[in-house]
Amino acid sequence: MCVLGEVRHIWYRGVADNELCACGRAFHDCPFWSAVGDRAFGGWDHVDVATVRKLARRVDRMRYVPTGLMSGELSEYRAVAREYASYFSRVYDAAKQVSGASVIVDSSKNASTAYALRADPSINLSVLHVVRDSRGVAYSWTKEVPRPEVDGSSERPLMDRYPPWTSALLWDAHNLAFAMLARQGVPVHRVFYERFLADPVATTEAIARFLGVDATGVEQSIGQDSIALVETHQAAGNPIRFRRGNLAFRSDDEWREELPPAARRLVGALTWPLMAAYGYRHTLRARL
């Protein structure tokens, strides 16, 4: 496998703004991404970032997911989505050639990106749908987390933040969108954050089987209590991609004490139908 990070962000964070790759080099100084750009486009300078952004504004927004569901093959949405997805396809193909990997991992999290990518038949799309307790997600989005990939800045910008009610509505929208994507014939495998922590080896083996990858030797790559993080070339995504060495698994339950009770109740109320469907009934009753 080859992990690229959140590809939906590389056009402006990497190509335009030259932010840091997870390897520690600036995007345009990274040998991996330079090779990918050369193979995909004849060099990143041949990519019109303004065009990619324009296409993204027309299809890669959550408001367009219903359009993606209802649009036929000859619709304007599908035509724009195919053009937008073609940029991703060229990056994926080039990354496979440069890395020698058979599976490319794009950790873009927006459901709207997956809807756009399915418009390109050359992309063999499979989706790993990760679900976490909505209140934990809401609390995470309230925290101030600097973006380490912005080099040379005395005052680093922060990752996006949302108030709890916004996070709750986004949680509902994305999870429903992924459920509908599965009904459209896209292979979707759901993984629960809490179940992964309970048995990371078995969860990872199930992911490998879903992707058609040989799961033999998973225990040599990931343990029940920790994982050894190595250098990757993720161009955007969670700051943890810059870490190296042993990372212990632990349940991030800080939200239980730090998310104000009123916010917990609000998030629980806005997300309870899906939370209950996902099996969080007992935690809802205990924490509301």
Side-chain angles (χ1 to χ4, degrees), residues 3-13 52-73 75-89 91-92 103-121 123-138 140-141 159-162 164-193 196 207 210-211 234-238 267 270-275 277-278 280:
V3 185
L4 302 183
E6 298 185 27
V7 178
R8 75 186 299 265
H9 292 309
I10 72 167
W11 314 109
Y12 47 98
R13 293 184 183 176
V52 181
R53 284 176 167 172
K54 182 178 179 180
L55 293 169
R57 285 194 294 269
R58 296 180 64 187
V59 293
D60 198 355
R61 296 289 186 273
M62 285 303 292
R63 68 174 71 101
Y64 297 123
V65 166
T67 305
L69 280 169
M70 297 182 292
S71 297
E73 288 295 327
S75 67
E76 181 182 1
Y77 169 89
R78 285 295 180 93
V80 175
R82 274 193 294 271
E83 183 180 358
Y84 177 62
S86 70
Y87 286 88
F88 289 74
S89 177
V91 168
Y92 299 156
V103 176
I104 297 297
V105 180
D106 176 353
S107 55
S108 300
K109 298 174 180 65
N110 284 42
S112 56
T113 307
Y115 276 78
L117 294 181
R118 65 190 277 265
D120 186 337
I123 298 176
N124 184 15
L125 180 66
S126 295
V127 173
L128 187 65
H129 175 201
V130 183
V131 177
R132 184 187 179 190
D133 189 304
S134 60
R135 292 156 299 178
V137 173
S140 291
W141 282 114
M159 295 184 69
D160 293 339
R161 299 172 67 202
Y162 300 112
W165 68 269
T166 301
S167 296
L169 295 178
L170 288 172
W171 189 92
D172 283 333
H174 282 284
N175 284 310
L176 284 170
F178 283 123
M180 294 302 297
L181 189 65
R183 296 186 179 185
Q184 299 299 305
V186 176
V188 177
H189 180 69
R190 186 176 297 142
V191 172
F192 290 93
Y193 168 88
F196 172 85
I207 293 170
F210 165 67
L211 295 174
Q234 299 182 63
N238 193 288
V267 173
L270 290 173
T271 61
W272 74 265
L274 270 179
M275 285 277 283
Y278 288 150
Y280 291 103

Exercise for the section: Tell me, with the steps shown, if Tyr77 and Tyr64 meet side-chain contact (heavy atoms from CB on, under 4.5 Å). Expected result: CA-CA 9 Å; Tyr77 169 89; Tyr64 297 123; 4.3 Å; yes
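- Remark: side-chain polar atoms of Tyr193 are not paired, donor with acceptor, to backbone N or O of Val130 under 3.5 angstrom.
- Separation of atoms CG (Leu125) and OH (Tyr92) is listed at 7.5 Å; rounding is to 0.5 Å.
- The shortest heavy-atom contact between Ala85 and Ile123 is O-CD1, 3.8 Å.
- Annotation for Gln184: atom CD counts as buried by contact number, over 12 foreign heavy atoms lying within 6.0 Å.
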Exercise for the section: Check the pair Tyr87 / Leu55 against side-chain contact (heavy atoms from CB on, under 4.5 Å), numbers first and verdict last. Expected result: CA-CA 10 Å; Tyr87 286 88; Leu55 293 169; 3.9 Å; yes
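- Here the shortest heavy-atom pairing between Arg78 and Gly68 reads NH2-O, 4.1 Å.
- Each of Asn175, Thr271, Asp172 was checked for a side-chain hydrogen bond (donor to acceptor under 3.5 Å, both in side chains) with Ser134, and the lone residue meeting it is Thr271.
- Applying the salt bridge (charged side-chain N to carboxylate O under 4.0 Å, His left out) test to residues at least two apart or on different chains, the pairs with a partner in residues 105-115 are Glu6-Lys109.
- Between the CZ atom of Phe178 and the CZ atom of Arg183 there is a distance of 15.5 Å, given to the nearest 0.5 Å.
- Side-chain atoms of Trp171 come within 3.5 Å of backbone N or O of Arg132 as a donor-acceptor pair.
- Residues His174 and Met62 approach most closely at CE1-SD, 3.2 Å, considering heavy atoms.
- Closest approach of Thr113 to Ser108, counting heavy atoms only: CG2-CB, 4.4 Å.
- Remark: Leu176 pairs with Leu274 by the side-chain contact (heavy atoms from CB on, under 4.5 Å) rule, at least two apart or across chains.
- Not a single donor-acceptor pair under 3.5 Å links the side chain of Ser89 to the backbone N or O of Ser86.
- Panel note: side chain Asn110, backbone Ser112; no donor-acceptor pair is recorded below 3.5 Å.
- In this structure Phe88 satisfies the ring-ring contact (aromatic ring centres under 6.0 Å, His included) test together with Trp11, Tyr84, sequence neighbours excluded.
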Exercise for the section: Would you please test Phe192 and Tyr278 for ring pair (Phe, Tyr, Trp, His ring centres under 6.0 Å) and show each step? Expected result: CA-CA 9 Å; Phe192 290 93; Tyr278 288 150; 5.7 Å; yes
Exercise for the section: Start with the C-alpha gap between Tyr115 and Asp60, add the side-chain angles, then the distance that decides, and say whether side-chain contact (heavy atoms from CB on, under 4.5 Å) holds. Expected result: CA-CA 8 Å; Tyr115 276 78; Asp60 198 355; over 6 Å; no
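- Ser107 contributes a side-chain N or O that, together with a main-chain N or O of Gly5, makes up a donor-acceptor pair within less than 3.5 Å.
- In terms of heavy atoms, Ala81 sits closest to Val59 at N-CG1, 3.9 Å.
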Exercise for the section: Before giving the answer on side-chain contact (heavy atoms from CB on, under 4.5 Å), spell out for Ser167 and Val267 the whole-Å C-alpha distance, their side-chain angles and the decisive distance to 0.1 Å. Expected result: CA-CA 8 Å; Ser167 296; Val267 173; over 6 Å; no
